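The structure presented is a predicted model; accordingly, all values stated were derived computationally and were not measured. Note: hydrogens, waters and symmetry copies are ignored here, and every other heavy atom, side chains too, is used. Counting begins at 1 with the first residue of the sequence.
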Amino acid sequence: MKAAYLIVLFVSLLAGLQFPDTDLILIFILDHRSIITHGIIVPYFLYKYLAKKVKSEFLDYAYIGFLIGIAIHLCADLFPKAYIGYAMIKLPFFISIGAPLSIAWMLGNMFFALLIAFKKLKDKNLG
């Protein structure tokens, strides 16, 4: 793997670690642990859109790193002090989905983020 791809992978992993908490910046629109930022929906559709516009290995490696970063973040979010308040995933308009669904959402998104990332790595003969 080229050094440039490793750098893109690493930087995008760091971005993916931080992405779920962008809801803290948008607190007037989204509540903490928003379903929009604490999942792979936004990155998936953004990647699909950009992949149609730009054919680039860098985009693939950025997507892989970003998904791994999100998966690590979600894994850490699975272990709050208690599943109350900000520990739960929120729908738009600050509606909590409750503890069982929050856990299922984070586990499911973590699983699919890693599944997609490792499949893409395998497709590049790196996994």
Just so I know, are the side chains of D123 and K119 near enough to count as touching, which here means a heavy-atom distance under 4.5 Å? yes

I64 versus L121: any side-chain heavy-atom pair under 4.5 Å? yes

Check against side-chain hydrogen bond (donor to acceptor under 3.5 Å, both in side chains), K120 and Y47: CA-CA 13 Å; K120 286 200 143 310; Y47 172 76; 3.1 Å; yes

Rounded to the nearest 0.5 Å, what separation is found between the CG atom of D23 and the NE2 atom of H38? 5.5 Å

Taking the side chain as every heavy atom from C-beta outward, state whether Y83 and L78 have any pair of such atoms under 4.5 Å apart. yes

Is a side-chain donor or acceptor of T37 paired with a backbone partner of D21 at a separation under 3.5 angstrom? no

Measure the CG-CD1 distance between L17 and I68 for me, rounded to the nearest 0.5 Å. 10.0 Å

Measure the spacing between CD1 of I97 and CD1 of I95 and express it to the nearest 0.5 Å. 11.0 Å

Quick one: do F111 and M106 end up in the same hydrophobic cluster if we chain Ile, Leu, Val, Met, Phe, Trp and Tyr together by side-chain heavy atoms under 4.5 Å apart? yes

Looking at side-chain heavy atoms only, is the closest gap between I70 and N109 below 4.5 Å? no

Test item: P92 and I29 side chains (from C-beta on) under 4.5 Å apart, heavy atoms: no

Angle between ring planes, H32 versus Y86, binned at 30° and 60°: parallel, tilted or perpendicular? perpendicular

For the residue pair L67 and L114, establish whether any side-chain heavy-atom pair is separated by less than 4.5 Å. no

Minimum heavy-atom separation for S102 and G98, please, with both atom names. OG-O, 2.6 Å

Looking only at atom types and distance, does a side-chain atom of Y44 sit under 3.5 Å from a main-chain N or O of A113, one as donor and one as acceptor? no

Nearest-0.5 Å distance that lies between atom SG in C75 and atom CG in L107: 8.5 Å

Nearest heavy-atom neighbours spanning A4 and F58: CB-CE2, 3.8 Å

Roughly how far, to the nearest 0.5 Å, is the NE2 atom of H73 from the CZ atom of F19? 10.5 Å

Polar side-chain atom of S12 near backbone of L9 as donor-acceptor pair, under 3.5 Å: yes

Please report the interatomic distance CZ(R33) to CG(L74), rounded to the nearest 0.5 Å. 9.0 Å

